[in-house]
Number of protein chains: 2
Amino acid sequence: MKKIPKISEAEWEVMKLLWKKSPATANDVVKTLSGKTHWKRETIRTLINRLVQKKAVGFKKKGRQYHYFPLVTEAECVRAETTSFLKRFGGGSIEPMLAAFVEEEKLSTEKIAKLRRILKKAADEHKKKRNKSR
Amino acid sequence: MKKIPKISEAEWEVMKLLWKKSPATANDVVKTLSGKTHWKRETIRTLINRLVQKKAVGFKKKGRQYHYFPLVTEAECVRAETTSFLKRFGGGSIEPMLAAFVEEEKLSTEKIAKLRRILKKAADEHKKKRNKSR
DNA sequence: TCCATACTATTACATCTGTAACATTTACAA
DNA sequence: TTGTAAATGTTACAGATGTAATAGTATGGA
């Protein structure tokens with residue numbers, strides 16, 4: 001499993017952008033984030049630079065500008081964060097977590113369907129294992 | 001919704017202990033954590049003290065010793081962390097997350113059943129809403 | 001009573017984070 | 001060509017975190 005650098009709260013905002021659209025110049029990022037946050041352009045540039053140092057973000061020099069792009073995928077990060085979440089709270093956490101998700105109504109009908117499918121598959125596998133060991 | 005103080009990675013270890021068994025004296029905590037980590041007793045005491053400052057942990061003086069206990073429940077913390085997780089990755093995150101959970105095999109058969117129930121309920125609610133708006 | 005022990009309290013210090021100011025270089029317009 | 005704006009680079013600084021050392025205090029045994 002690839003090692004994901006530790007990304008801080010503020011830095012996630014930058015990553016989110018780059019996942020959505022990359023490569024992006026520093027200015028692209030500044031422009032977009034200036035809308036959503038109160039960060040000064042220099043602040044945002046610091047975040048980008050730190051991400052580069054951490055090797056979470058790469059860049060290509062294009063003339064005088066830098067074009068940034070993510071070096072880690074969103075899925076990898078979700079995975080890493082999930083693992084750390086699990087370590088913190090143990091398996092017992094997922095239930096209240098899912099409940100929170102549901103309550104926040106972030107779940108579309110299709111997403112719910114997909115999740116149910118994942119769980120159904122897991123349940124089937126459990127059953128299979130039980131049968132085998134019998 | 002109650003405001004959960006920001007608890008750091010290392011501090012979670014202390015919280016986990018206290019959730020499992022509290023009240024506990026500083027020494028209880030030190031003893032247990034010394035097994036799992038390489039932290040010196042003073043390090044662990046610092047963590048406890050910080051948690052007290054943050055009001056994540058309370059204590060009662062019992063003679064010369066302090067008995068510590070959590071002031072926030074595990075469920076509250078899971079909830080708060082989930083929300084922050086959601087903010088970071090958006091609703092799209094839950095699918096790979098659940099997949100990770102399943103893969104790590106942290107899910108018992110009963111847990112899966114419970115999760116499926118939660119989702120089924122959510123799905124039914126969606127359906128109801130759709131019908132109403134028709 | 002007085003010291004060793006066990007606890008608690010104070011202080012330290014390097015990194016990481018959030019938040020930015022100040023400085024330098026480059027490129028284009030006048 | 002030279003000043004100015006835009007881009008990049010360097011430095012700053014306070015608060016949080018990881019990790020602990022040292023100092024003070026209370027308490028029970030010699």
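Values reported hereafter were calculated over all heavy atoms of this structure, with side chains retained and with hydrogens, waters and symmetry mates removed. Proteins get letters first, then strands, A, B, ... in listed order; numbering begins at 1 in each.
Here B:R45 reaches the OP1 or OP2 of C:dT8: one of its side-chain N or O atoms lies under 4.0 Å away. Residue B:K61 has no polar side-chain atom (N or O) positioned under 4.0 Å from OP1 or OP2 of C:dT8. Between D:dG9 and A:Y66, a contact under 4.0 Å exists linking OP1 or OP2 to a side-chain N or O.
Listed in residue order, the members of residues 11-19 of chain A having a heavy atom less than 4.0 Å from DNA chain D come to none.
Positionally, the nearest nucleotide of DNA chain D for A:R41 lies more toward the 5' end than for the other of A:R41 and B:H38. Toward the 5' end of DNA chain C, the nearer of the two residues A:I7 and A:K40, judged by each one's closest nucleotide, is A:I7.
Nucleic acid contact class of A:T25 (heavy atoms, under 4.0 Å, all strands): none. Nucleic acid contact for A:K54: sugar-phosphate only, since backbone atoms but no base atoms lie under 4.0 Å from a heavy atom of the residue. Backbone-only contact: B:S8 has heavy atoms under 4.0 Å from sugar-phosphate atoms and none from a base.
For A:K114, the NZ atom sits in a loose shell: 12 or fewer heavy atoms of surrounding residues, nucleotides or ligands are nearer than 6.0 Å.
Proximity note for A:R50 (side chain, C-beta onward) versus D:dA12, D:dT8, D:dT19: the nearest is D:dA12. When the nucleotides C:dG18, C:dT8, C:dT19 are ranked by their closest atom to the side chain of A:A10, C:dG18 comes out on top. In this structure, of D:dA7, C:dG18, C:dC22, it is D:dA7 that holds the atom nearest to the side chain of A:Q65. With C:dC7, D:dA20, D:dA7 as the choices, the nucleotide that has an atom nearest any side-chain atom of B:T43 turns out to be D:dA20. Comparing D:dG18, C:dT17, D:dA20 by their nearest atom to the side chain of B:T46 picks out D:dA20. Listed nucleotides: D:dA7, D:dA20, C:dT8. Nearest to the side chain of A:N27: D:dA7.
For B:E9 and D:dT19, the CD to P distance is 11 Å, given to the nearest whole Å. Regarding B:E42, its CD atom lies at a distance of 14 Å from the P atom of C:dT10, rounded to whole Å.
We find that A:E81 and B:R88 are joined by a salt bridge, their nearest charged nitrogen and carboxylate oxygen being less than 4.0 Å apart. Remark: A:D124 does not engage A:K128 in a salt bridge, criterion side-chain N to carboxylate O under 4.0 Å.
Between the CG atom in A:L17 and the OG1 atom in A:T32 there is a gap of 5.0 Å [rounded to 0.5 Å].
Taking the six-membered ring for Trp and thresholds of 30 and 60 degrees, B:F59 and B:Y66 have nearly parallel ring planes, at less than 30 degrees apart.
Panel note: side chain A:K55, backbone A:I4; no donor-acceptor pair is recorded below 3.5 Å.
At a cut-off of 3.5 Å, with distance as the only test, no side-chain donor of B:T25 or B:H67 sits close to an acceptor on the other residue.
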